[in-house]
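Remarks on the structure that follows.
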2 protein chains.
Amino acid sequence: MAKTGIRQLADHLGISIGTVSRALNDRPDVNPETRKRVLAAATDFGYVPNQSGRSLRQGTTNTIGFIVESGTDGSGSNDNFFLEVFGAIQHVFARHNLDLVVLPCSTDEDPLHHLQRMVSRRIVDALIISATRRKDPRISFLADAHIPFITLGRSSTPGPHPWLDLDFEGVANTAMDRLVAKGHRRIALGLPSNDINLGFLLLDGYKAGLERQEIAFDPALVLRAASSEQGGYQLAHEVLSMGNRPTAVLLVHELMAIGLYRRMNDAGLEPGKDLSVIGFRESPLSRFLIPALTCFKLSLRDLGQALGESLLATIPAYAEHYPQGTVRRVWPMELVPGDSDGPPRM
Amino acid sequence: MAKTGIRQLADHLGISIGTVSRALNDRPDVNPETRKRVLAAATDFGYVPNQSGRSLRQGTTNTIGFIVESGTDGSGSNDNFFLEVFGAIQHVFARHNLDLVVLPCSTDEDPLHHLQRMVSRRIVDALIISATRRKDPRISFLADAHIPFITLGRSSTPGPHPWLDLDFEGVANTAMDRLVAKGHRRIALGLPSNDINLGFLLLDGYKAGLERQEIAFDPALVLRAASSEQGGYQLAHEVLSMGNRPTAVLLVHELMAIGLYRRMNDAGLEPGKDLSVIGFRESPLSRFLIPALTCFKLSLRDLGQALGESLLATIPAYAEHYPQGTVRRVWPMELVPGDSDGPPRM
DNA sequence: AGTAGCGTTGTAAACGTTTACGGGATTGCG
DNA sequence: CGCAATCCCGTAAACGTTTACAACGCTACT
């Protein structure tokens, strides 16, 4: 069985390849009758257009890339986080016959390296990048290269691109209000150790919360650790050995909570009693921890869908279906109370 | 600045495009002198070959796909299982200028759908598929289509393809030996609820272990649940309400341990004392759980590297660098003792 | 000197598709 | 009947690359 190209179809039907192509691409100038015949033959032969030929001709690949960090420090995106977001994006793209591919990029290599390769080789038409840094060279690079893209996460490097980001300030604010309402005054903040932008945003919200509650900001209470179990363990160790020990801590990542629980257990202390903990993103993990972790809910499905649609809105060829324009939106998160935060122990 | 194709380079250097192409592709029949000039001009102009053109001509895309399941039942891992394996594979492929793309496939759609699309559109040259089923239609499909591929996980559908798989039988065997040595006789087995092949393999090892220890097999002790926290919770519930309650349980997934811990805690029971637990794959999580989970270690980096190299070994164009032939290997795992398994409580 | 061989280069044809263009047939209308 | 408009279709040129083939100049050998 010879490879079925558009030419085989044309030969078989006794018409020209041009007509076949037009029929398959829903062009208006083709007889409905012949279109029907073409489509029938296509499914009959199991024909699918060769993407390389198509890409070469029209300079577009129908593929969109999603760059995710595969760092070993677990900085934010673990498997089920990005897999779920991914599924939602894919669902949006499938409507337009767009393929979505994930491009893992390890944290210890030049973040631009992959980008340059993808962009210059014309492998993807557009990109989604995550884990944006405070100053992110990828943004200016993509803007210069005129590649449509959206970022999951704000950045201080400006650009005309759309972005979506979680409401870190809001999260920090409500967490602070909640803790203060329970009687806490010394509240530590566990930030990521890299320069990912969400760390700065959380810090902003934390400070705002302090200010609103008229509590003085103490730099010693701002700690940094890897966003992993190990990081949480070390962070807890640091907290527990502080002279004027804080009574509560707000963590940037739910994995840190696990390490913190462990360290407290080693010291014979109980989370929620001896030290209150509020995590960040809710995951299946959170409510199965002992005690259940107070944290913030987020629909990954909705987030992914918004990501996909917002990106398409900025690509001329698809913009008509998504009249929202270029989206720059902060995504709200809702508090899910657990048992990990209580009144401070006197 | 006009797009720099191979033609621009040729014009600028005053030579033909054929020579330029040969120079860039390290063909032997080109003057070392001109090659140097071509390479210089290429980096000068920032030239990178257009992948579509190249693919169209030589019928190969220099892209390899990795299909991973993005089920919503949380059957993935909570840490960077895939991300870490990707990193290692990518590292191998980078040596040959191959791109790795990840193609998540949700569990509730036809698993062949993506495959057909990728294969017929000639988007990838080869594939890595994971989570192989007992009977896996993808295997025969790919074999029929003559697409090189490797599976992470054995299957009972035969095929000439290479595979890598974890040593589930071995794991079950040593777990059983260990538990029996501690005095356990009634040992439950927590299997995944779908028909993924590892469930059958674990069961085989479990039965072999029983037989070697001369313990009768009791079908009531084989339980099935989702590979998630929720699944572990339900499984624990089932175990605790059994008439003749088992004293130990072997779990297929570390996330299940979390749910199980939780359920035991709710019942005022302590893992490792009231019920011994052995998990499967070690992850950062395992040793931060309370008590630390006894489980089996695995180097994801090595596994990924072996996956990549074994796949390349079966692709004619790259086989020369990997003389290992088609690999079918069971990957050993090493027990990491924790505090979750002790002697049975009388 | 003729010729075989080698090293290097140019030429042009592919790969599979889309699409601008033109042309033939048919229709509609004055 | 003549002309224009409409509808449909075929032709052929692109897109950027690789590569078989021919051709060239040169050396070396018979």
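Quick note on labels: first sequence line is chain A, next is B, and so on, each numbered from 1.
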*Toward the 5' end of DNA chain C, which comes first, B:P32 or B:G53, by nearest nucleotide?*
B:P32
*By nearest nucleotide on DNA chain C, pick out whichever of A:G5 and B:S16 is the more 5' one.*
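Nearest-nucleotide comparison on DNA chain C picks B:S16.
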Mind calculating the distance between [atom1] ([X]) and [atom2] ([N]) to the nearest angstrom?
{"X": "B:N25", "N": "D:dT17", "atom1": "CG", "atom2": "C1'", "answer": "9 Å"}
{"X": "B:D29", "N": "D:dA22", "atom1": "CG", "atom2": "P", "answer": "15 Å"}
{"X": "B:R37", "N": "C:dT9", "atom1": "CZ", "atom2": "C1'", "answer": "13 Å"}
{"X": "B:E33", "N": "C:dT9", "atom1": "CD", "atom2": "P", "answer": "10 Å"}
{"X": "B:R57", "N": "D:dA14", "atom1": "CZ", "atom2": "P", "answer": "20 Å"}
{"X": "B:L9", "N": "D:dG16", "atom1": "CG", "atom2": "P", "answer": "13 Å"}
{"X": "A:Q58", "N": "C:dA20", "atom1": "CD", "atom2": "P", "answer": "11 Å"}
{"X": "B:R7", "N": "D:dT18", "atom1": "CZ", "atom2": "C1'", "answer": "13 Å"}

NA contact type, [X], heavy-atom cut-off 4.0 Å: base, sugar-phosphate, or nothing?
{"X": "B:R22", "answer": "base"}
{"X": "A:G18", "answer": "base"}
{"X": "B:N31", "answer": "sugar-phosphate"}
{"X": "A:S55", "answer": "nothing"}

_Here's a test of your reading of the structure: between B:L56 and A:R35, which maps to the more 5' nucleotide of DNA chain D?_
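Here A:R35 is the residue nearer the 5' end.
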*Any Lys/Arg nitrogen of B:R134 or B:D195 sitting under 4.0 Å from an Asp/Glu carboxylate oxygen of the other?*
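Salt bridge between B:R134 and B:D195, a charged N being under 4.0 Å from a carboxylate O: no.
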*Should the pair B:R138-B:E69 be classified as a salt bridge under the 4.0 Å nitrogen-to-oxygen rule?*
no
*On the 0 to 90° scale, with breaks at 30° and 60°, tag the B:H96-B:Y318 ring pair as parallel, tilted or perpendicular.*
perpendicular
*asked:* Within the structure provided, determine whether B:L312 and B:I64 are in side-chain contact (heavy-atom separation under 4.5 Å).
replied: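 Heavy-atom side-chain distance check passes, below 4.5 Å.
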_Under 4.0 angstrom between B:S21 side-chain N/O and D:dT19 OP1 or OP2_ = no
*B:T19 side chain N/O closer than 4.0 Å to the phosphate oxygens (OP1, OP2) of C:dG10?*
yes
*Is the closest side-chain donor-acceptor distance between B:S16 and B:T19 under 3.5 Å?*
yes
_Candidate nucleotides D:dT18, C:dT18, D:dG10, ranked by approach to the side chain of B:I17 - the nearest_ = D:dT18
